[in-house]
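The structure under discussion appears below in the form of structure tokens.
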Amino acid sequence: MRFRQVHLDFHTSEFIPGIGKDFSKSQFQSMLRAGHIDSVTVFSKCHHGWAYHPSEANEIHPHLSFDLLGEMIGAAHEIGVKTPVYLSAGLDEKLARRHPEWLIRDAEDRTRWVKDFMTPGYHEFCMNTPYLDVLLAQIHEVVSRYDADGIFLDIVGGRKCRCQYCVSALQAAGQDPRDEAAVTALGEQTYLNYARRVRETIDAVKPGLPVYHNNGHQQRGRRDLVQVNSHLELESLPTGGWGYDHFPLSARYAQTLGMEFLGMTGKFHTSWGEFGGYKHPNALRYEAALSLAHGAKCSIGDQLHPSGFMDEATYALIGAAYAEVEAKEQWCNGVESVADIAVLSLEAAREACPDGQALKGQRNLADAGAVRILSEGHYLYDIVDTFSDFAAYKVLILPDEVPVWPELASAIEAFIAEGGKVLATGRSGLNTAGDTFALNLGIRWLGTNPYRPAYFHPYFTPGALLPASYVMYGEGQLVELREGQSLGHLENPYFNRDVFTFCSHQHTPGTREDNGPAMVESSSGIYIAWDVFSDYAEGGHLILKEMVLHALSRLLPRPTLRTCLPARGITTLQYQPAEKRYVHHLLYAAPALKGRIEVIEDIVPLRDISVSLNLPSPAQVQRVYLAPSMTELPFTAGRNGELTYTVPYLENHQMAVIELAP
């Protein structure tokens, strides 16, 4: 898989004339070169349903007079650029109006994407209908006639559907179409059958050709749904509603799966489907570097004008980012994540929980909050599922609501027995019934605190703050100390805010009384009685972060990495086993919220960033240098095994390379 991809959207209505009339091989190639692009996803079929090449399995766009797909593939290959081919799998508006009976339907017979045919927009197909055979014929035609370097299939995944084909299938299997669980299971079965038949169709012509099925989100904990792909393309457009916290969460899980993956952002000011929207070049520089730092390759979304003319401003914009990526690639290939901490994804835990059917799809801010706190604290972490080997980490975090069933309890107990430590928060650690702890965390669960908000009084100095009674806005748990020590107590208010009992503008003050332990350290780890990760994701209350960072300072007294990088900075450590070297990534930019959109424009340079690393064999370090400038960095390998150096200058992204003796 290449490092510098462009996803070239081309969704063109049949009411637009002159499709491809301004396409020029030389101009196309010139823009690919200007953008430093080594792979471009080109279109066989768009959401409107039209083919961009002569077709027997489909219909060529009525205003296209030549083989645009073939011309693009030939032009790109001539200059060494790969061409994965895109087909809109889930959407085909032309066909939707001819065969509405093949569309996904909900319980009220409404369609998906748009609810009916009087609303502008697309309608999604069910793969449990004859439409699947139509799509497979279109895929077969592309791989048979064109030198595609891969197939990208869009708008697919497990879908709940109650079209008449799905209703009949459920009834034939003796199931009730009104049963949500049965409908969900059929949707997943339909998706896996679709993916299998796509693979068989392609392999009959070009065995092993890369295939990616785009669902917009890789479900953590559902490896069966993820591994139908040959690689992953993590769709994460920060300005399109994802925000800048989304990609690290997806990437820190994807890298644990052992699959190649890329980060997909866009050149747009907002999101897909936008013409005339442009990011600041610094935003794309940062987003591309963010992919590299997390072990990913890069993809930037663009949308080709119906005329086929490549926009020069866009490829100057992309080229500013990809020129830097090109210079850095040799230090970013074949990397493995180095991490001290495993965050057991709440999403993944709910998927794996034997009694968790009702939990699936529930609101989950815990995973995102964990990523934000750990990133701001500059800890090295992975997001894991229940299939992961916990023994590879020093600390396991159970964020906020992770239920624990017997098999998971056994895995965690084995981790603890080998010296690992657990950080559990909120209702995490309770059994699936939610009425007692399934892990020995030194406490007994007494119930949910009826007072909300309540207060936390720490017995430690919380970072830049001083000990005080800190308001906890979210739900808290009542626990009894059985073993270990309390690191802070719960303080309840005089009363909950009510129409007859209220005080001041927001909430009632605390009584300044000790109402029991609220943060407990035991031989197994540390427990915090609130949903600190979800609450931090939602409100960013500083004390929540300081509670977690204090807990980690006790559970992980010698982290692999320490740095003075500001909180908004990102740092990761990757290992290249083939080259026997570590690559330390440092990034810094401060997104600003403009209206509803997070944007990056200014990048403020930083100087003299101190770094210390606790590596397995620091004495084997031969040299430390900045890449790609090859500037040597002085370093010290201390007697305690600590490697220290200073990064003199950081503007957007810097890589410090630590080479080991052969």
Side-chain angles (χ1 to χ4, degrees), residues 180-182 184-185 188 219-227 253 256-257 341-364 366-367 370 381-448 475 477-484 517 520-534 551 555:
E180 289 292 323
T184 298
E188 292 178 356
Q219 275 183 272
R220 294 182 288 279
R222 289 303 305 269
R223 296 194 180 195
D224 57 333
L225 301 180
V226 171
Q227 291 172 345
Y253 177 64
T256 69
L257 301 176
I341 298 170
V343 179
L344 178 55
S345 162
L346 177 57
E347 179 183 38
R350 286 171 170 171
E351 286 290 344
C353 182
D355 304 316
Q357 186 62 40
L359 302 174
K360 295 177 183 179
Q362 284 190 9
R363 186 170 184 259
N364 169 22
D367 290 354
Y381 66 94
D382 287 336
I383 305 296
V384 304
D385 57 25
T386 57
F387 301 102
S388 300
D389 179 11
F390 300 156
Y393 305 93
K394 299 170 186 174
V395 174
L396 174 66
I397 294 179
L398 308 179
D400 295 355
E401 299 179 61
V402 174
V404 176
W405 55 98
E407 294 80 7
L408 179 58
S410 296
I412 295 174
E413 287 163 1
F415 168 75
I416 294 170
E418 293 299 316
K421 298 293 184 180
V422 170
L423 173 58
T425 62
R427 298 180 65 85
S428 286
L430 294 175
N431 62 11
T432 55
D435 57 12
T436 189
F437 278 109
L439 299 173
N440 179 15
L441 299 173
I443 48 179
R444 183 168 74 92
W445 186 71
L446 302 177
T448 298
E475 178 184 271
Q477 306 302 315
L478 300 175
V479 298
E480 177 183 85
L481 185 65
R482 288 294 188 85
E483 176 243 320
V520 173
E521 183 173 15
S522 68
S523 59
S524 301
I526 290 177
Y527 171 78
I528 300 172
W530 286 277
D531 294 346
V532 293
F533 295 110
S534 302
L555 301 176

Self-check item: Residues forming a side chain to side chain contact (heavy atoms under 4.5 Å, CB included) with D389, sequence neighbours excluded
Solution: A391

Practice problem: Tell me, please, which residues at least two apart from E413 pass side chain to side chain donor-acceptor pair (under 3.5 Å). | Solution: none

Practice problem: Report the residues that fulfil ring pair (Phe, Tyr, Trp, His ring centres under 6.0 Å) with F533, sequence neighbours left out, ordered by chain and then residue number. | Solution: none

Practice problem: Identify, with sequence neighbours excluded, every residue that meets side chain to side chain contact (heavy atoms under 4.5 Å, CB included) alongside T432. | Solution: C353, D355, P403, W405

Quiz prompt | Non-neighbouring partners of E480 that pass salt bridge (charged side-chain N to carboxylate O under 4.0 Å, His left out), sequence neighbours left out | solution = R444, R482

Quiz prompt | Test salt bridge (charged side-chain N to carboxylate O under 4.0 Å, His left out) applied to E401 - qualifying residues, sequence neighbours left out | solution = R350

Self-check item: Shortest non-hydrogen separation from L481 to P517 and the atoms involved
Solution: N-CG, 3.9 Å

Practice problem: Mind checking the CD1-CG spacing from I397 to D382? Nearest 0.5 Å is all I need. | Solution: 11.5 Å

Quiz item: Got a sec, which residues hit side chain to side chain contact (heavy atoms under 4.5 Å, CB included) with A182, two or more places apart in sequence or on another chain?
Solution: L170, Q175, D179

Quiz item: Any idea which heavy atoms bring R223 and Y253 closest together, and the distance?
Solution: CG-OH, 4.0 Å

Quiz prompt | K421 (side chain) donor-acceptor with S523 (main chain) under 3.5 angstrom | solution = yes

Exercise. Would you please test L439 and L398 for side chain to side chain contact (heavy atoms under 4.5 Å, CB included) and show each step?
Key: CA-CA 11 Å; L439 299 173; L398 308 179; 3.8 Å; yes

Exercise. Report the distance from atom CG of D224 to atom CD of E188, rounding to the nearest 0.5 Å.
Key: 7.0 Å

Self-check item: Gap between atom CG of L257 and atom CZ of F387 - 0.5 Å precision
Solution: 10.5 Å

Exercise. To the nearest 0.5 Å, tell me how far R222 CZ sits from D385 CG.
Key: 11.5 Å

Quiz item: In Å, rounded to the nearest 0.5 Å, how long is the span from OH of Y527 to CG of L441?
Solution: 8.5 Å

Practice problem: Could you check if a side-chain atom of T386 sits within less than 4.5 angstrom of a side-chain atom of L344, using non-hydrogen atoms only? | Solution: yes

Practice problem: Taking atom types as modelled, find out whether S428 and D400 have a side-chain donor-acceptor pair closer than 3.5 angstrom. | Solution: no

Practice problem: Check side chain to side chain contact (heavy atoms under 4.5 Å, CB included) between F390 and all other residues, then give those that pass, not counting sequence neighbours. | Solution: V384, L396, L408, A411, I412, F415

Quiz item: What residues, two or more places apart in sequence or in another chain, satisfy side chain to side chain donor-acceptor pair (under 3.5 Å) together with D367?
Solution: R220, S345, N364

Quiz prompt | 4.5 Å side-chain heavy-atom contact, N440 and S522 | solution = no

Quiz item: Residues in side chain to side chain donor-acceptor pair (under 3.5 Å) with N431, at least two apart?
Solution: D435

Quiz item: At what distance, to the nearest 0.5 angstrom, does CG of L555 lie from CD1 of I341?
Solution: 8.5 Å

Exercise. Under the side chain to side chain donor-acceptor pair (under 3.5 Å) rule, collect the residues that match up with T448, sequence neighbours excluded.
Key: R427, Q477

